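Have a look at the structure below before the remarks.
Remember, predicted model here, so these are calculated numbers, not experimental data.
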Amino acid sequence: MFSLLVNIPANAKWAQNGVTIAGGNGVGVATNQLNYPFGLFLDDDQTMVIADFRNHRIMQWKNGDRTNGRVVAGGNGQGNGLNQLNGPTDVLIDKETDSIIICDFYNVRVVRWSRRSGTTQGEILIENLQCYGLAMDKHRYLYIPDYAKQEVRRYKLGENIGTLVAGGNGQGAGLNQLSGPTYLFVDRDRSVYVSDYNNQRVMKWKKDAKEGVLVAGGQGGGSALTQLNIPLGLFVDTMGTLYVADSYNHRVMRWTQGDNKQGTVIAGGNGAGAGANQLNYPIGLSFDRHGNLYVVDEGSFRVQRFSIEKDL
């Protein structure tokens, strides 16, 4: 339902060559293609749903079938009808209701589509919300950033006001501020990790905190190990280690808890490209229960899996 609890050893390493498990067949609308994929959610059975941004649809890939995905929401052209999406940026699976919840970015709304067969349209959960990413905690509360209001709110399903959990003090670089919140991760303690896009940093807001703590970046945009350049997708393992899609540096970085001074590159970092050891504007990322890394490689229209090395 919410993000997987994944135990990853402190000395873990990943294969530097990724394997394409979705897309990778050029840009297009076929079921084996993607068109600027953004967010990704991986279920505990390795079912993967992908926000296929410019195709205005959500694609699902089942574990073991790398050839074709299936449209599970949208796919009826760009628009604001209940059967349409307009630039979806993130998606998650809610197992409790067997549905998917979607950030429908240009429609300024959050929508839900049933995963049951025969579903032809969704329902609006929250309107007038410039969402980019979204997350769900173990109590099934939704966490959604408002890119326009520079804040993150927690919503009980069915309510549309929400409770402020991060930012909300105007746009800025203070510890109690955000500037372009995009993707999120919520841990077991309901701490919220936020990719603070314009501030080139990742912030952690503990439950009920009035300000956040810097956990990655914050040294200006750049390619040093102390820096990020447009941080997007996030994941946190059970040890509190943070993983960040460092998009404009074309790499995925790992930042251990308590050390916000610098991270390490675990995938990509070999320039922008479509090679097996390269990434091209990575956005979404996740891990499966075994610790394998999944990365939405936007600019190469694919999802890459980097296997965790077994000989630890």
Atom pair CZ (Arg305) and CG (Asn17), whose distance is rounded to the nearest 0.5 Å: 13.5 Å
Using the test ring-ring contact (aromatic ring centres under 6.0 Å, His included), find all partners of Tyr147 that sit at least two apart in sequence or belong to another chain. Tyr132
Side-chain heavy-atom pair Tyr143, Val165 within 4.5 angstrom cut-off: yes
Using the rule side-chain contact (heavy atoms from CB on, under 4.5 Å), only one of Leu142, Val91, Val111 pairs with Ile101; which is it? Leu142
Taking every heavy atom of Ala267 against every heavy atom of Leu293, the minimum-distance pair comes out as CB-CD2, 3.9 Å
With side chain to side chain contact (heavy atoms under 4.5 Å, CB included) as the test, would you mind laying out the steps for Asn7 and Met239 before giving the verdict? CA-CA 7 Å; Asn7 297 300; Met239 294 175 62; 6.0 Å; no
CA sep, side-chain torsions, deciding dist, call: Gln33, Asn25, side chain to side chain donor-acceptor pair (under 3.5 Å): CA-CA 6 Å; Gln33 293 178 306; Asn25 296 298; over 6 Å; no
Could you please spell out the steps behind the side chain to side chain donor-acceptor pair (under 3.5 Å) verdict for Asn86 and Gln78? CA-CA 5 Å; Asn86 189 354; Gln78 179 180 11; 3.0 Å; yes
With hydrophobic residues grouped by side-chain heavy-atom distances under 4.5 Å, do Val265 and Val236 end up in a single group? yes
Can you tell me how far CG of Asn76 sits from CZ of Arg57, rounded to the nearest 0.5 angstrom? 11.0 Å
Tell me yes or no: between the side chains of Asp146 and Gln130, is some donor less than 3.5 Å from an acceptor? no
Closest non-hydrogen contact found for Leu184 with Ala135 is CB-CB, 4.2 Å
Determine, for Glu123 against Arg112, whether the closest basic-nitrogen to carboxylate-oxygen distance falls under 4.0 angstrom. yes
Going by distance alone, is a donor N or O of one side chain under 3.5 Å from an acceptor N or O of the other, for Arg154 and Tyr141? no
Gln60-Arg115 side chain donor-acceptor pair, cut-off 3.5 Å: yes
Tyr281 ring center near Tyr248 ring center (under 6.0 Å): yes
Rounded to the nearest 0.5 Å, what separates atom CD in Gln219 from atom CZ in Arg201? 11.0 Å
Connected via hydrophobic side-chain network under 4.5 Å: Tyr197 and Phe235: no
Do the non-hydrogen side-chain atoms of Asp94 and Ile100 ever get within less than 4.5 Å of each other? no
How long is the straight-line distance from CG of Leu40 back to CD1 of Ile283, given to the nearest 0.5 Å? 11.5 Å
For Leu234 and Ser195, the nearest pair of non-hydrogen atoms, with its separation, is CD2-OG, 3.3 Å
Counting only N and O atoms by type, is there a donor-acceptor contact under 3.5 Å from the side chain of Asn176 to the main-chain atoms of Lys210? no
Return the minimal non-hydrogen interatomic distance between Trp255 and Lys261, and the atom names on each side. CZ3-C, 3.9 Å
May I ask you to check whether Thr226 and Gln262 show a side-chain donor-acceptor distance below 3.5 Å? no
pair Gln227-Gln200: side-chain heavy atoms closer than 4.5 Å: no
Roughly how far, to the nearest 0.5 Å, is CG of Asn107 from CG of Asn80? 5.0 Å
Spell out, yes or no, whether Val27 and Ile50 are grouped together once hydrophobic residues are joined by side-chain heavy atoms under 4.5 Å, including indirect joins. no
Sole residue of Asn270, Asp246, Asn229 in side chain to side chain donor-acceptor pair (under 3.5 Å) with Arg251: Asp246
side-chain hydrogen bond (donor to acceptor under 3.5 Å, both in side chains) filter on Ser99, not counting sequence neighbours, yields Thr97
Among Phe105, Tyr36, Phe38, which residue satisfies the ring pair (Phe, Tyr, Trp, His ring centres under 6.0 Å) criterion with Phe53? Phe38
For the pair Val252 and Leu285, evaluate side chain to side chain contact (heavy atoms under 4.5 Å, CB included) and give the outcome as yes or no after the intermediate values. CA-CA 9 Å; Val252 175; Leu285 83 157; 3.8 Å; yes
Heavy atoms of Asp90 and Gly39 approach each other most closely as OD1-CA, 3.5 Å
Looking at Asp189 and Lys207, does any basic side-chain N land under 4.0 Å from a carboxylate oxygen? no
For residues Phe301 and Leu34, report the shortest heavy-atom separation together with the two atoms involved. CB-O, 3.7 Å
Return yes if some donor-acceptor pair links the side-chain N/O of Asn292 with the main-chain N/O of Ile308 below 3.5 Å, else return no. yes
Go through the steps for Asn83 and Thr120 under the test side chain to side chain donor-acceptor pair (under 3.5 Å), then give the verdict. CA-CA 6 Å; Asn83 68 337; Thr120 57; over 6 Å; no
Assert yes or no for the condition that the ring centre distance of Tyr243 to Phe287 is strictly below 6.0 Å. yes
Side-chain ion pair, Asp43 and Lys95, N-O less than 4.0 Å: yes
Check whether any side-chain heavy atom of Trp113 lies under 4.5 Å from a side-chain heavy atom of Val72, and answer yes or no. no
Find out if a path of hydrophobic residues (ILVMFWY) with successive side-chain heavy-atom gaps under 4.5 Å connects Val49 to Leu232. no
Would you kindly say whether Gln150 and Ser179 are connected by a side-chain donor-acceptor distance under 3.5 Å? no
Within a strict 4.5 Å, meaning less than it, do heavy atoms of the Arg109 and Asn128 side chains meet? no
If we ignore angles and hydrogens, is there a donor and acceptor under 3.5 Å between the side chains of Tyr155 and Asn160? no
Are His290 and Asp288 packed together at the side-chain level, in the sense that at least one heavy-atom pair is separated by less than 4.5 angstrom? yes
Can a donor-acceptor pair be found, under 3.5 Å and without considering hydrogens, that links the side chain of His250 to the backbone of Asn280? no
Give a yes or no answer on whether the side chain of Trp61 reaches the backbone of Gln46 with a donor-acceptor pair at less than 3.5 Å. no
Could you give the distance from CD (Gln16) to CD (Glu309), rounded to the nearest 0.5 Å? 8.0 Å
Between Leu129 and Ile144, is there a side-chain heavy-atom distance shorter than 4.5 Å? yes
Please determine whether side chain to side chain contact (heavy atoms under 4.5 Å, CB included) holds for the pair Arg254 and Asp237, giving the CA-CA distance in whole Å, both sets of side-chain angles, and the decisive distance to 0.1 Å. CA-CA 11 Å; Arg254 183 186 202 199; Asp237 67 22; 4.2 Å; yes
Verify same cluster id: Leu178, Ile230 (apolar side-chain graph, 4.5 Å): no
If only atom types and distance count, is the side chain of Thr119 paired as donor or acceptor with the main-chain N or O of Arg116 below 3.5 Å? yes
Can Asp196 and Val202 be said to form a side chain to side chain contact (heavy atoms under 4.5 Å, CB included), step by step? CA-CA 6 Å; Asp196 196 11; Val202 178; over 6 Å; no
Does one side chain, of Ser223 or Asn249, offer a donor that lies under 3.5 Å from an acceptor on the other? no
Check whether any side-chain heavy atom of Arg188 lies under 4.5 Å from a side-chain heavy atom of Thr238, and answer yes or no. yes
